[in-house]
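Since this is a predicted model, take the numbers as computed values, not measurements.
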Amino acid sequence: MIEDDLRAAFARREALTPPTGPVRAAIDRAVVRRRRRRLRLRLAGTALAVVAAALAGFTAVAPRPPETANLLATPTPATPTGALNVLLLGLDQTGAGRRADSVLLVHVPADRSRLYLVSLPRDLLVPIPGRGTDKLNASFAFGAGPSGKDLAAGYRATREVVAQLTGVRIDAGAVLTYAATRELTDAVGGVPVCLPTTVRSHHTHRTYPAGCQRLDGAAAVDVLRQRYGLPDAGLDRDRNAGRYAAGLLTRIREQGVLTNPVLLNRLVTKVGPGLLTDTGELSLPALVSAAGNAASAEPVAVNLPVIYTERQPYGERLDPALAPGFLDALRTDRLGEWTAAHPKQVTSLR
């Protein structure tokens, strides 16, 4: 009897049940939107990784926690209109105690006229929260922990120090390794680099003559590691990294990689895994678009003005004569004016 009553009750309510077609269609549309968003993020992540590699010659491996996807609405990506600053960290050593041997701040001006590649010396003495004064590259080691495996924490620690040092907001960034430089360089058919002086490798004993030459992957890695025997040691290594970055950027621009998702995906597939980045509050497509527009002109490479200190702790300190004006120009998006007024501080790329 109870079963008959239940059937009768369901029959009476069945007419009140809304049709399932519209609900199912809405769910299907949400699923499609989510899949498309994931595809856009993957392609944009690939693009940003190539841009990052083009700027510093490494593969990105440091993530920020992903945003929660919204199944019911497609968010409108933010379009950055002001200046942007992207922090790229190059790691050489592996395992415990690894440090950021290359620290590059890429400034994208609001007018998107060109990219400014600002090298921050790894031996620059800076205040590190909770650690006192130490070299800039040590901030990554302190953040990454004793094992050196927490790359995201190492990046965040360095980002905090660089933001405090420069007074600018870090909009995005990546942790980058030397390992993929060889693969990326070979994937684009070599990178043109113009060396002002002869570089003799402390590691392979190979000699790279002064002048313009195209480096394959192994040679690029070799040159990027050298500081011994160079007139300004580590500062000259930073300048050579800027020259390599400019050459790599030229190669991928010539091949149309920045504007062709198929070529982007093909190139990054050759480079390998680990293409994770920190995009902050920006959408990946917007960031890649901004960097791509600015990359249409030859970049300007410049070192943060520093002087070597002869007292302990040894290392570089900000140049009291030039650094304040440089940092003010960086903060107010006037690096074009500053570099034009101080041509000797600009790294020659040719």
Side-chain angles (χ1 to χ4, degrees), residues 46-61 88-94 100-104 106 115 117 119 174-230 233-260 262-275 291 295 298-299 301 347-350:
T46 296
L48 180 61
V50 173
V51 171
L55 298 177
F58 307 98
T59 299
V61 294
L88 304 178
L89 307 180
L91 303 184
D92 186 6
Q93 182 181 344
T94 59
D101 279 344
S102 294
V103 182
L104 187 69
V106 181
L115 296 173
L117 313 180
S119 295
V175 176
L176 318 159
T177 67
Y178 272 126
T181 305
R182 177 172 53 255
E183 298 172 12
L184 180 59
T185 304
D186 290 337
V188 299
V191 170
V193 175
C194 296
L195 299 174
T197 60
T198 298
V199 175
R200 293 180 175 84
S201 173
H202 178 73
H203 304 89
T204 66
H205 306 295
R206 184 174 173 180
T207 298
Y208 303 90
C212 298
Q213 53 211 283
R214 179 169 294 190
L215 303 178
D216 62 14
V221 171
D222 201 16
V223 168
L224 288 171
R225 297 181 67 192
Q226 303 312 312
R227 61 190 175 97
Y228 295 109
L230 298 180
L235 297 181
D236 275 337
R237 182 174 67 173
D238 292 339
R239 295 183 182 107
N240 285 338
R243 293 181 179 102
Y244 171 85
L248 180 57
L249 188 62
T250 297
R251 288 292 293 158
I252 68 170
R253 187 176 65 240
E254 290 173 346
Q255 296 175 13
V257 173
L258 289 179
T259 57
N260 189 321
V262 175
L263 293 179
L264 272 172
N265 188 59
R266 188 180 302 162
L267 175 59
V268 175
T269 299
K270 292 181 180 179
V271 174
L275 301 177
E298 184 173 81
T347 298
S348 173
L349 301 179
R350 299 183 182 277

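The backbone N or O of Leu235 lies less than 3.5 Å from no partner atom in the side chain of Arg227, so there is not a single donor-acceptor pair.
In this structure, the separation between CG on Leu215 and CG on Leu195 is 6.5 Å, given to the nearest 0.5 Å. Within the model, atoms CG of Leu117 and CG of Leu249 stand 8.0 Å from one another, a figure rounded to the nearest 0.5 Å.
Across all their heavy atoms, Pro299 and Ala246 have their closest contact at CG-CB, 3.8 Å. A pairwise comparison of heavy atoms in Ala241 and Leu224 identifies CA-CD2, 3.5 Å as the closest pair. Contact record, Arg243 with Ser348: NE-O, 2.8 Å, taken as the closest heavy-atom pair.
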Donor-acceptor pairs are to be reported for all side-chain atoms of residues 184-193 against protein atoms at under 3.5 Å, with residues two or more places apart or in another chain.
from   : atom 1 : to     : atom 2 : distance (Å)
Thr185 : OG1    : Thr181 : O      : 2.7
Thr185 : OG1    : Tyr244 : OH     : 2.5
Asp186 : OD1    : Gly217 : N      : 2.7

Would you sort out whether Arg237 and Asn240 count as a side chain to side chain donor-acceptor pair (under 3.5 Å), showing the intermediate values?
-> CA-CA 5 Å; Arg237 182 174 67 173; Asn240 285 338; over 6 Å; no

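With sequence neighbours excluded, no residue forms a side-chain hydrogen bond (donor to acceptor under 3.5 Å, both in side chains) with Asp238. Every residue two or more places apart in sequence or in another chain that forms a side chain to side chain contact (heavy atoms under 4.5 Å, CB included) with Arg214 is listed here: Arg251. Ser201 meets the side-chain hydrogen bond (donor to acceptor under 3.5 Å, both in side chains) test with Thr204, Asp222, Gln226; sequence neighbours excluded. For Glu298, the side-chain hydrogen bond (donor to acceptor under 3.5 Å, both in side chains) criterion is met by Arg350, not counting sequence neighbours. In this structure Asp236 satisfies the side-chain hydrogen bond (donor to acceptor under 3.5 Å, both in side chains) test together with Arg239, sequence neighbours excluded.
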